[in-house]
Amino acid sequence: MPELPEVETVVRDLRAERLVGRTIRQVAVHWPATVGGGSVSGFRGRLAARTIRQIARRGKYIIMALSDGWTLLVHLRMTGQIRLATPSDIREKHEHLVLTLDDGRQIRYRDTRKFGRWQLVRDVSGHLARLGPEPLSPEFTVRRLREAMSRRSGMLKPLLLNQRILAGLGNIYVDEALWEAGLHPMRSAASLTACDYRRLHAAIRLVLRRGIRARGTTLGYGKTNFRGLRERAGSNRRNLRVFRRTGEPCLRCGAKIERLRVAQRSTHVCPECQRVREGAKP
DNA sequence: AAGAATGTTACATG
DNA sequence: ACATGTAACATTCT
């Protein structure tokens with residue numbers, strides 16, 4: 001579910017709720033596999049009585065720095081959701097982890113598919129070292145994008161989904177960025193011109209910024225859909241130009257949007273604006 | 001009712 | 001080393 005804009009939305013929500021400075025009083029783990037790395041008891045022992053010093057994001061990870069120097073790394077994977085509650089609220093289905101804070105509030109983690117992970121680590125940078133640059137940081141330049149991609153022979157989409165090349169893009173925003181840039185997802189990275197890289201760079205930043213401004217993409221009404229801390233849906237769906245618009249007219253040229261399978265993922269393209277071979281200049 | 005689903009990783013094969 | 005594919009994780013939604 002959550003890609004960079006959705007994770008950023010959760011992090012901003014957590015900060016806005018003034019969770020920095022709160023101390024964790026109690027830790028309940030209802031699905032042990034949610035805890036990554038060490039043992040569940042070690043995890044509970046390390047978290048209890050710690051104060052949250054800082055909340056940040058890197059790629060699709062939520063980073064919570066704790067008072068004893070350890071850091072809580074949270075990855076929501078496909079269906080992880082964080083919400084705030086109080087002890088009297090009933091435990092919902094698929095709620096796997098509950099942190100009770102010193103002010104009586106609770107951070108609850110719900111994850112239908114149980115893919116998400118909460119892990120305590122001593123050195124964050126070591127754990128995140130394999131991630132590529134942050135797409136919205138000043139360090140992410142056209143040049144860095146080109147250097148990371150151009151000597152690879154692979155297709156654009158799998159490379160953009162690879163978190164080592166670039167941190168934070170997922171299936172939705174890759175399709176959107178490639179449409180914005182007028183590039184076909186199956187085109188080889190090696191075939192791009194300098195101009196293509198400039199367009200791709202701008203497109204990535206555009207779709208991510210737009211996603212954050214809309215507080216993320218909520219695709220439907222089911223429990224597995226993205227929600228912010230207070231159950232609030234993101235409105236970025238109405239900004240989507242190709243994703244899940246199969247058969248609908250392209251907003252640029254009117255051609256019917258097509259769905260393909262690339263990198264085992266559902267992929268959406270405009271067959272006119274995004275041609276595999278050269279010559280596709282939107 | 002079969003297939004797909006916003007993610008990542010390990011393993012296999014070319 | 002790189003590219004690509006499959007399976008696994010577990011459940012819901014269409």
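What you see is a predicted model; the values in this text were computed from it and never measured. Throughout, protein chains are lettered first and strands after them, A, B, ... in sequence-line order, and every chain is numbered starting at 1.
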- request: For Phe243(A), answer base if it contacts any base atom (sugar-phosphate contacts may also be present), sugar-phosphate if it contacts only those atoms, and nothing otherwise; contact means non-hydrogen atoms under 4.0 Å.
  value: sugar-phosphate
task: Describe the nucleic acid contact of Arg261(A) in one word from base, sugar-phosphate, nothing, applying a heavy-atom distance below 4.0 Å.
output: sugar-phosphate
query: Do the side-chain N or O atoms of His94(A) get closer than 4.0 angstrom to the phosphate oxygens (OP1, OP2) of dA10(C)?
result: no
- prompt: With sugar-phosphate meaning primed atoms plus P, OP1 and OP2, does Arg117(A) contact a base, only sugar-phosphate, or nothing at under 4.0 Å between heavy atoms?
  reply: nothing
query: Are Lys60(A) and dT8(B) close enough that a side-chain N or O sits under 4.0 Å from OP1 or OP2?
result: yes
message: Quick check for you: among dA5(B), dT12(C), dC2(C), whose closest atom lies nearest to any side-chain atom of Arg244(A)?
response: dA5(B)
message: Base, sugar-phosphate or nothing for Arg259(A)? Non-hydrogen atoms, less than 4.0 Å.
response: sugar-phosphate
- prompt: Which part of the nucleic acid, if any, lies within reach of Gln163(A) when heavy atoms closer than 4.0 Å are counted: base, sugar-phosphate only, or nothing?
  reply: sugar-phosphate
message: Looking only at the side chain of Asn171(A) (C-beta and beyond, no hydrogens), which of the listed nucleotides dT8(B), dT4(C), dT6(B) gets closest?
response: dT6(B)
task: Tell me whether the OP1 or OP2 atom of dT8(B) has a side-chain N or O from His75(A) closer than 4.0 Å.
output: yes
field: Phe115(A)-dT8(B) aromatic stacking (under 5.5 Å, under 30°)
entry: no
- prompt: Using a cut-off of less than 4.0 Å, is there contact between a side-chain N or O of Arg265(A) and OP1 or OP2 of dG7(B)?
  reply: yes
- request: Could you tell me whether a side-chain N or O of Glu134(A) sits under 3.5 Å from a main-chain N or O of Gly59(A), the two making a donor and an acceptor?
  value: yes
SB check Lys114(A) Asp111(A) (cutoff 4.0 Å): no
- prompt: Under 4.0 Å between a side-chain N or O of Ser266(A) and OP1 or OP2 of dA5(B)?
  reply: yes
message: For the P atoms, the ones on dA1(B) and on dA10(C), what distance do you get once it is rounded to whole angstrom?
response: 24 Å
message: Roughly how many Å apart are dA4(B) and dT6(C), using the P atom of each and rounding to a whole number?
response: 12 Å
field: Heavy-atom side-chain proximity of Arg215(A) to Asp13(A) below 4.5 angstrom
entry: yes
message: Reading 5' to 3' and counting Watson-Crick or G-U wobble pairs with both distances under 3.5 Å, write the dot-bracket notation for DNA chain B, | for bases paired outside the strand.
response: .||||.||||||||
message: Can you tell me which nucleotide in dT11(C), dG7(B), dT9(B) comes closest to the side chain of Met78(A)?
response: dG7(B)
- prompt: If we take the P atom in both dA5(B) and dG5(C), what is their distance in whole Å?
  reply: 16 Å
message: If only side-chain N and O atoms count, and only distance matters, is there a donor-acceptor pair under 3.5 Å linking Tyr61(A) with Gln119(A)?
response: no
